[in-house]
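These notes are about the structure you will find just below.
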There are 2 protein chains.
Amino acid sequence: MPDLMMKIAIIDDKAGNRNILKEKLSCHPEFNITLVAENGKDFLEKLRSLADDMIPDVALMDLEMPEMDGVKSIALGAAFFPTIKFVVLTIFDDEEKIFRAIKAGACGYLLKEENSDTIASMLNHMHETGVGPISPGIAHKILQSMQKKSIEEHAGSPLKSIASNFDLTEREQEILQLLVQGLLYKEIGAKLDISPNTAKKHVMNIYQKLHINSRAQAMYLIYDKGLL
Amino acid sequence: MPDLMMKIAIIDDKAGNRNILKEKLSCHPEFNITLVAENGKDFLEKLRSLADDMIPDVALMDLEMPEMDGVKSIALGAAFFPTIKFVVLTIFDDEEKIFRAIKAGACGYLLKEENSDTIASMLNHMHETGVGPISPGIAHKILQSMQKKSIEEHAGSPLKSIASNFDLTEREQEILQLLVQGLLYKEIGAKLDISPNTAKKHVMNIYQKLHINSRAQAMYLIYDKGLL
DNA sequence: TAAACAATAATCCATACGGATTACTTCGTG
DNA sequence: CACGAAGTAATCCGTATGGATTATTGTTTA
């Protein structure tokens, strides 16, 4: 049996939602809210400055957020903090968003309208069995979208998913491609016929957009986490 | 509100299962079992000989059946009787079967272990809102298979074959593991409780054994060149 | 047309990295 | 017991990297 205590992170840009959720969870003593963030960027920053034993077990994540939305935060969070279970907690969204959140690594998808007991029991169920919580309405949407289009064709092209999820420009994709092959700035510059300084500038812009800070992290994201 | 009376079809090859299910539904007067069949072929034949107003609203379908299995019957049934909602009712199956049943046109997927009330409330919910019933465990499987497909299944631990091919020690494998996740020397040191200098020394030894000279090349070897 | 964005480029600084060398400890195995 | 292999640790050096800032040019679009 796992720990009885479950460390929970709440990520939502609206203070009202955060408080409602806190209140809902507070009735259940097994939940320990160890991290609250206003958006994905905030969340990742706080995570990085956290001691290992304070890393949350579960992140309850809204999708619509400024600075960094839920899909991006799940993709990055799941890559760098693989022990965290990401559960989307949101109002009813379109299939595309559901789909992208799941591909990013969400293991559950609950509607905000679910009541306190439902949420609690589903989270406990997940903690015990590993089975992610899914609201029936969401499951239905997933089924429909699966019937419509096969997943294979939706898998899409390599670097494109990074580009679409993180708004990389054409040039930045090109440079990322070379970067993750291990080329030096001067080599990238030579290959693209630009100054090494410019190559470096592009790389810095890419880091900002992906919210990482080293070439190694870029490679990790792209190669190991299949974000490519 | 739709009809209070819901016409139900039961398709299962085992008489025991049929009876258990009948019993479960009998507690709920809104269900009217109008058709019982032993397999898909039997089901379709009986359907064709039925008056229009006796066509069931819902078909509760087992998957493993002789003569004609559940997937085929759903595909054919959904084509010729588009008003019928097909709900798979089965024990826990592998992802592939779940997938095929959904693509064939199943609008719900329940586990046989669900209790009477759960099944009844989910069927009623579907009848009212059109939202198909899905057991949490099944929804979880679907999510997992979607994630796997999108991540494109890169094979298991490359580290072992690297180790065997290049005579890396246990400690070196351990360190390589952390290195290619993008950790700094100081982070590797902290994680393994050794000096960052030592971590670096190990990395230098690894580079020599692999005949490379940068972290990027290590990652390239392991991730892109698929293990080596 | 003005504003926003993309690509180009340079500079400064602190730090991380790759490379080489030296040294101490703890194991086994011969 | 002695020797080597593995793990530990420190130091010095030069280069590459990450981070921040500033600036010019062209393109797009509101």
Side-chain angles (χ1 to χ4, degrees), chain A residues 41-42 44-45 48-49 66-68 76 79-80 159-160 162-223, chain B residues 159-160 162-223:
Chain A
K41 192 156 166 281
D42 188 24
L44 287 179
E45 277 164 10
R48 286 194 228 264
S49 67
E67 291 280 354
M68 188 195 294
L76 294 173
F80 292 113
L159 273 156
K160 206 137 178 235
I162 279 226
S164 65
N165 273 325
F166 294 97
D167 304 313
L168 296 193
T169 67
E170 290 293 322
R171 195 55 155 175
E172 282 163 353
Q173 291 174 51
E174 200 174 359
I175 283 181
L176 180 55
Q177 198 107 235
L178 300 175
L179 185 78
V180 298
Q181 281 166 34
L183 301 196
L184 305 178
Y185 293 147
K186 64 169 69 162
E187 291 173 322
I188 295 176
K191 191 151 280 193
L192 298 183
D193 206 35
I194 57 177
S195 157
N197 295 312
T198 304
K200 176 180 165 179
K201 179 69 176 94
H202 283 299
V203 171
M204 291 305 137
N205 290 336
I206 292 168
Y207 287 174
Q208 281 206 338
K209 289 188 179 178
L210 300 188
H211 300 274
I212 58 180
N213 55 17
S214 78
R215 173 202 237 88
Q217 288 178 352
M219 298 180 78
Y220 184 59
L221 271 185
I222 287 178
Y223 289 132
Chain B
L159 277 305
K160 283 190 196 84
I162 282 237
S164 61
N165 279 326
F166 293 96
D167 302 312
L168 296 192
T169 67
E170 288 294 323
R171 196 52 157 175
E172 282 164 352
Q173 293 174 51
E174 200 174 359
I175 283 183
L176 180 56
Q177 196 106 236
L178 300 175
L179 185 78
V180 298
Q181 279 167 36
L183 301 195
L184 304 178
Y185 293 146
K186 65 168 69 161
E187 291 173 324
I188 296 176
K191 193 149 277 190
L192 298 183
D193 205 37
I194 57 178
S195 157
N197 296 313
T198 304
K200 176 178 164 179
K201 180 69 176 98
H202 283 298
V203 170
M204 291 305 137
N205 290 336
I206 292 168
Y207 287 175
Q208 282 204 339
K209 289 188 180 177
L210 300 189
H211 299 99
I212 58 180
N213 56 12
S214 78
R215 179 198 298 261
Q217 289 176 10
M219 299 180 81
Y220 190 60
L221 266 188
I222 287 177
Y223 290 132

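So that the names make sense, note that chain A is the first sequence line, chain B the second, and so on, each numbered from 1.
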Under 4.0 angstrom, heavy atoms only, what part of the nucleic acid is B/Lys201 near: base, sugar-phosphate, or nothing? base
So, do B/Ile222 and B/Met219 sit near enough that their side-chain heavy atoms are less than 4.5 Å apart? no
Separation between CG (B/Leu179) and CZ (B/Arg215), nearest 0.5 Å, reads 4.5 Å
Between P of C/dT22 and CG of B/Asn197, the distance in whole Å: 17 Å
Check the side chains of B/Asn197 and B/Lys201 for a donor-acceptor pair under 3.5 angstrom, ignoring hydrogens and angles. no
When all nucleic acid strands are considered with a 4.0 Å heavy-atom cut-off, which category describes B/Asn213: base, sugar-phosphate, or nothing? sugar-phosphate
In numerical order, the residues of residues 187-196 of chain A whose heavy atoms come under 4.0 Å of DNA chain D are none
Check whether the side chain of B/Lys200 and the base of C/dG19 form a donor-acceptor pair under 3.5 Å. yes
Closer than 4.0 Å, any side-chain N/O of B/Arg215 to the OP1 or OP2 of C/dC17? yes
Quick check: do A/Gln177 and A/Gln173 have side-chain heavy atoms less than 4.5 Å from each other? no
I need the OH-P distance between A/Tyr185 and C/dC17, as an integer number of Å. 13 Å
Is it true that A/Glu45 and A/Lys41 make a salt bridge, defined as a side-chain N closer than 4.0 Å to a carboxylate O? yes
So do B/Leu178 and B/Tyr185 actually touch side chain to side chain, heavy atoms under 4.5 Å? no
Taking any atom closer than 4.0 angstrom to a non-hydrogen atom of chain B, what span of DNA chain D does the protein reach, first nucleotide to last? D/dA6 to D/dT11
